[in-house]
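Working notes, structure below.
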Amino acid sequence: MNKLIDDMIYYAKVNNIPIIQEEGINFIKDQINLRDIKNILEIGSAIGYSAIMMCLSCNDVSITTIERDIDRYNLACEYIDKFNLDDRIKIYNIDAFDYEDNNKYDLIFIDAAKAQYIKFFEKFKNNLNDNGIIITDNIKFHGMVNHTDEIKNRNTRQLVRKIENYIEFLKDNKEFNTTFFDVGDGIALSIKKSCAN
Ligand code: SAH
Ligand code: MG
């Protein structure tokens, strides 16, 4: 099992696939156990690393995950199969904006295109259970967030500005309270305001 996990981490590294950092996934695993999370919707599977790690954190967690890139999707399917998690992880090869789902989830993990974070949040908040949480990864974007003046590449600068806008959007949000955690590449945890936790 550990060998397979190491394989995934190595594959991601040499192929520049931005899988979640160890500190970040450990934070999410803790939240899953702390809050007794049973079902998860993940936006952005890549090769299935975070979905598999979340699944392994607890025996009765099930995950639906979405990946638009066909090669990454195929690889994720292979890994899910190797871990024998086919019955607990459902993966769809579709653009998140074309994906329709009426189910409610305890955790929604947003980790797809960073420039679209506000749109993902607005679309998928409807799939959240009343006591559920939304977790967003890469809120610091390699330490570039709040340092846009130092970014030379125009596209990167624009992307980082979008993440900054997302942070403002979360801070000003009327429906959700968000806490920002300086773990991994930065994690935001959002909870509906009507809930006491
Ligand atoms: N959660 C993964 C990493 C995801 S990387 C992990 O930590 O292991 C982000 C992924 O989101 C990429 O593979 C990219 O192809 C996918 N993605 C980006 N925009 C998307 C969209 N609109 N719909 C579906 N997948 C998307
Ligand atoms: Mg990420």
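For ligands, and for the atoms within them, numbers begin at 1 and follow the listed sequence.
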Options Lys123, Glu42, Arg72, ranked by nearest heavy atom to atom 13 (O) of ligand 1, top entry: Arg72
Mark yes or no for whether Asp137, through its side chain, and Asp111, through its backbone, hold a donor-acceptor pair below 3.5 Å. no
Tell me whether Lys114 forms a cation-pi arrangement with Phe141, defined as NZ or CZ under 6.0 Å from the six-membered ring centre and within 45 degrees of its axis. no
Assess whether a salt bridge exists between Glu100 and Lys123, defined as any Lys/Arg side-chain N lying under 4.0 Å from an Asp/Glu carboxylate O. yes
Please name the atom of Asp137, limited to N, O or S, that comes nearest to the Mg ion (ligand 2). OD2
Does ligand 1 have any atom that is closer than 4.0 Å to a heavy atom of Tyr99? no
Could you go step by step and tell me if Phe169 and Tyr117 meet the ring-ring contact (aromatic ring centres under 6.0 Å, His included) rule? CA-CA 10 Å; Phe169 160 86; Tyr117 270 180; over 10 Å; no
So Lys125 and Glu175, salt bridge (charged side-chain N to carboxylate O under 4.0 Å, His left out) or not? Walk me through it. CA-CA 10 Å; Lys125 70 179 185 190; Glu175 292 170 275; 2.9 Å; yes
State whether Asp182 and Lys140 are salt-bridged, where the test is any N-O pair (Lys NZ or Arg NE/NH1/NH2 against Asp/Glu carboxylate O) under 4.0 Å. yes
4.0 Å heavy-atom contact, Ile17 with ligand 1: no
The Mg ion (ligand 2) -> Asp111, closest N, O or S atom is OD1
Please indicate whether any nitrogen or oxygen in Gly44 is less than 3.5 Å from any nitrogen or oxygen in ligand 1. yes
With heavy atoms under 4.0 Å as the rule, classify the contact between Ile94 and ligand 1 as side chain, backbone, both or neither. backbone
Angle class for the Phe121/Tyr166 ring planes (parallel below 30°, perpendicular above 60°, tilted otherwise)? perpendicular
Check this for me: does any side-chain nitrogen of one of Lys38 and Asp106 sit under 4.0 Å from a carboxylate oxygen of the other? no
Does Ser50 put an N, O or S atom under 2.8 Å from the Mg ion (ligand 2)? no
Close N or O approach (Glu67, ligand 1; < 3.5 Å): yes
Option nearest atom 21 (C) of ligand 1 (shortest heavy-atom distance, choices Arg68, Lys114, Met54): Arg68
Is there a nitrogen or oxygen of Ile20 sitting under 3.5 Å from a nitrogen or oxygen of ligand 1? yes
How close does the nearest protein non-hydrogen atom get to atom 8 (O) of ligand 1, and which residue and atom is it? Ser50 N, 3.1 Å
